[in-house]
Number of protein chains: 2
Amino acid sequence: MRLIVARCEVVYSGRLNAVLPEAVRLLMLKSDGSFLVHADTGGFKPQNWMTPVTVIEFEGEPPERIVVRKRAGKTEDRLDIRIVQILSDVEHDMGEASALAKDGVERDLQLELAGRPEVLGEGLHLVEREWQTDIGPVDLMCRDRDGAWVAVEIKRIATIDAVEQLSRYLERIQTLPGMAACRGILAGQRVVRQARTLAESRGLSWVEVDLASLRGEREPELTLFSG
Amino acid sequence: MRLIVARCEVVYSGRLNAVLPEAVRLLMLKSDGSFLVHADTGGFKPQNWMTPVTVIEFEGEPPERIVVRKRAGKTEDRLDIRIVQILSDVEHDMGEASALAKDGVERDLQLELAGRPEVLGEGLHLVEREWQTDIGPVDLMCRDRDGAWVAVEIKRIATIDAVEQLSRYLERIQTLPGMAACRGILAGQRVVRQARTLAESRGLSWVEVDLASLRGEREPELTLFSG
DNA sequence: TCGTTCATTTCGAAG
DNA sequence: CTTCGAAGTGAACGA
């Protein structure tokens with residue numbers, strides 16, 4: 001990784017056009033071809049950047065100009081850096097950095113609920129995970145104790161969009177033989193208020209579930225089986 | 001901005017839990033409180049990070065452990081860095097970096113189309129930009145040559161969500177006196193296939209427009225006025 | 001603060 | 001290759 005701290009001006013042209021006026025910034029060149037321009041403020045996001053695969057050209061020694069190019073379909077993305085003054089220019093060999101191991105994303109929630117659908121409603125049991133419709137897969141397809149179909153849409157944070165998505169699925173599902181009465185449940189670690197309101201107005205159920213509780217407090221939930 | 005290159009292990013706990021095993025990484029501390037962990041690969045995204053406002057604690061000199069904390073509602077986000085070996089640790093005073101000046105985002109497209117609504121359909125003329133409904137503003141409200149109402153939803157890239165949004169608006173608009181026949185047009189630099197299909201199935205029009213053409217080729221379009 | 005929308009989203013998976 | 005949906009999305013804006 002090459003780290004250049006320099007007073008520079010940056011011009012981007014591609015999906016849009018943008019200019020960064022002259023100021024001191026960090027230029028970060030990763031070995032995978034990534035190019036990032038960071039200011040000392042502005043949080044998470046670089047002020048400008050180019051994702052791999054790129055071609056990077058240097059002019060001058062020390063560099064006075066850097067051009068980063070990338071093919072983007074029929075057009076070309078281009079980053080043009082005019083360097084006024086270099087304050088630091090170092091290279092570090094970082095070797096391999098192991099990837100991030102995540103836990104708690106939507107998939108984990110879906111897997112837990114697939115194994116414990118009864119927390120979504122008494123007597124509920126799983127028919128299939130990723131149940132296919134002609135417009136995409138429903139997260140969980142279940143039946144309740146009366147044998148009635150129940151489609152479940154799962155989000156980490158369920159917004160109004162999740163309600164729309166579940167509505168679209170139900171629209172299709174209910175045209176299928178024997179599934180006209182299919183119900184819908186929206187499940188999330190959080191279900192925002194407007195999503196609750198819209199869901200209720202459409203006759204959909206919603207439920208907030210906690211991943212930690214799902215995993216840690218198994219025994220209390222299991223009592224439902226005896227109900 | 002403080003740049004630390006170090007062999008370290010990173011543990012994140014907050015909205016989810018994640019671990020980065022021991023490896024050489026760049027730790028970036030911005031003066032606004034941002035904390036970013038970058039590997040030499042992985043493109044645009046830091047492997048781990050925390051956005052402002054944060055509290056950063058150092059243990060040891062040179063640092064052996066860094067803890068970054070942040071209040072996130074009722075819980076706490078936390079980044080725990082165990083440093084094995086420091087390869088570099090420098091601080092740069094960067095002063096103020098001016099913000100990015102952009103052109104070509106959705107707002108620019110909306111402004112151009114507001115000035116040239118006839119490209120969306122012959123004889124179309126603008127009534128109002130950001131026309132208010134009780135569930136939010138329609139991007140453009142127009143009338144065609146017959147005086148019929150036309151609501152326009154604009155996206156840089158129009159997906160199925162844009163169709164849902166336009167549908168919701170029309171649902172409301174068509175309840176208003178004299179607007180029961182209001183049509184809908186979906187406009188975007190790109191309109192993805194599923195959006196086209198869903199739009200057509202709901203009786204909505206869609207059109208792809210090019211910002212450069214809108215701006216560059218004004219004269220040919222103007223002939224429509226004489227039609 | 002909450003909720004919505006946009007983003008040069010990026011990223012990843014699936015067709 | 002495109003298409004589609006998730007993201008610790010982030011960030012801006014409005015109620």
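Numbers restart at 1 for each chain; the letters A, B, ... are given by sequence-line order, proteins then strands.
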Could you tell me the separation between the CD1 atom of A:I157 and the P atom of C:dC2, rounded to a whole number of Å?
11 Å
Nucleotide nearest A:T51 when distance is taken to its side chain, options D:dA6, C:dT4, C:dC11:
C:dC11
Around atom CG of B:D93, are there more than 12 heavy atoms from other residues, nucleotides or ligands closer than 6.0 Å?
no
How do B:I160 and A:L100 order along DNA chain D: which one's closest nucleotide is nearer the 5' end?
B:I160
Once you round it to whole Å, what is the distance between C1' of C:dA7 and CD1 of B:I154?
17 Å
Nearest-nucleotide pick for A:R190, side chain only, options being C:dC11, C:dG3, D:dA7
C:dG3
Of the candidate nucleotides D:dG10, D:dA7, C:dT10, which contains the atom at the shortest distance from the side chain of B:W49?
D:dG10
Once you round it to whole Å, what is the distance between P of D:dA6 and NZ of B:K45?
14 Å
Length of the CG-P vector between B:D161 and C:dA7, whole Å
14 Å
Heavy atoms under 4.0 Å, any strand shown: does B:G136 hit a base, just sugar-phosphate, or nothing?
nothing
B:R193, nearest nucleotide to its side chain (from D:dT3, C:dT10, C:dT5):
D:dT3
Candidates D:dT3, C:dT5, C:dT10 - which lies nearest the side chain of B:K155:
C:dT5
Between the side chains of B:E112 and B:R107, is the shortest nitrogen-to-carboxylate-oxygen separation below 4.0 Å, so that they form an ion pair?
no
The answer to which of A:G43 and B:V192 contacts DNA chain D further toward the 5' end, by nearest nucleotide, is B:V192
In whole Å, what is the span from the CZ atom of A:F44 to the C1' atom of D:dA11?
11 Å
Tell me what B:I135 touches on the nucleic acid: a base, only sugar-phosphate, or nothing, going by heavy atoms under 4.0 Å.
nothing
Looking for any heavy atom pair under 4.0 Å, which part of the strands does B:M50 touch: base, sugar-phosphate only, or nothing?
base
Among C:dT10, D:dG5, C:dT4, which is the nearest nucleotide to the side chain of A:Q194?
C:dT4
A:D77 CG - C:dA7 C1' separation (whole Å):
14 Å
Separation of atom CG in A:D139 from atom P in C:dA13, rounded to whole Å:
17 Å
Pi-cation contact, B:F35 with B:R78 (under 6.0 Å, within 45°)
no
Give B:R107 one of three labels, base, sugar-phosphate or nothing, depending on what nucleic acid heavy atoms sit under 4.0 Å from its own.
nothing
Length of the CG-P vector between B:L109 and C:dA7, whole Å
10 Å
Ion pair present between A:E76 and A:R69, side-chain N to carboxylate O less than 4.0 angstrom?
yes
Do B:R172 and B:D134 meet the salt-bridge criterion of a basic N to acidic O distance under 4.0 Å?
yes
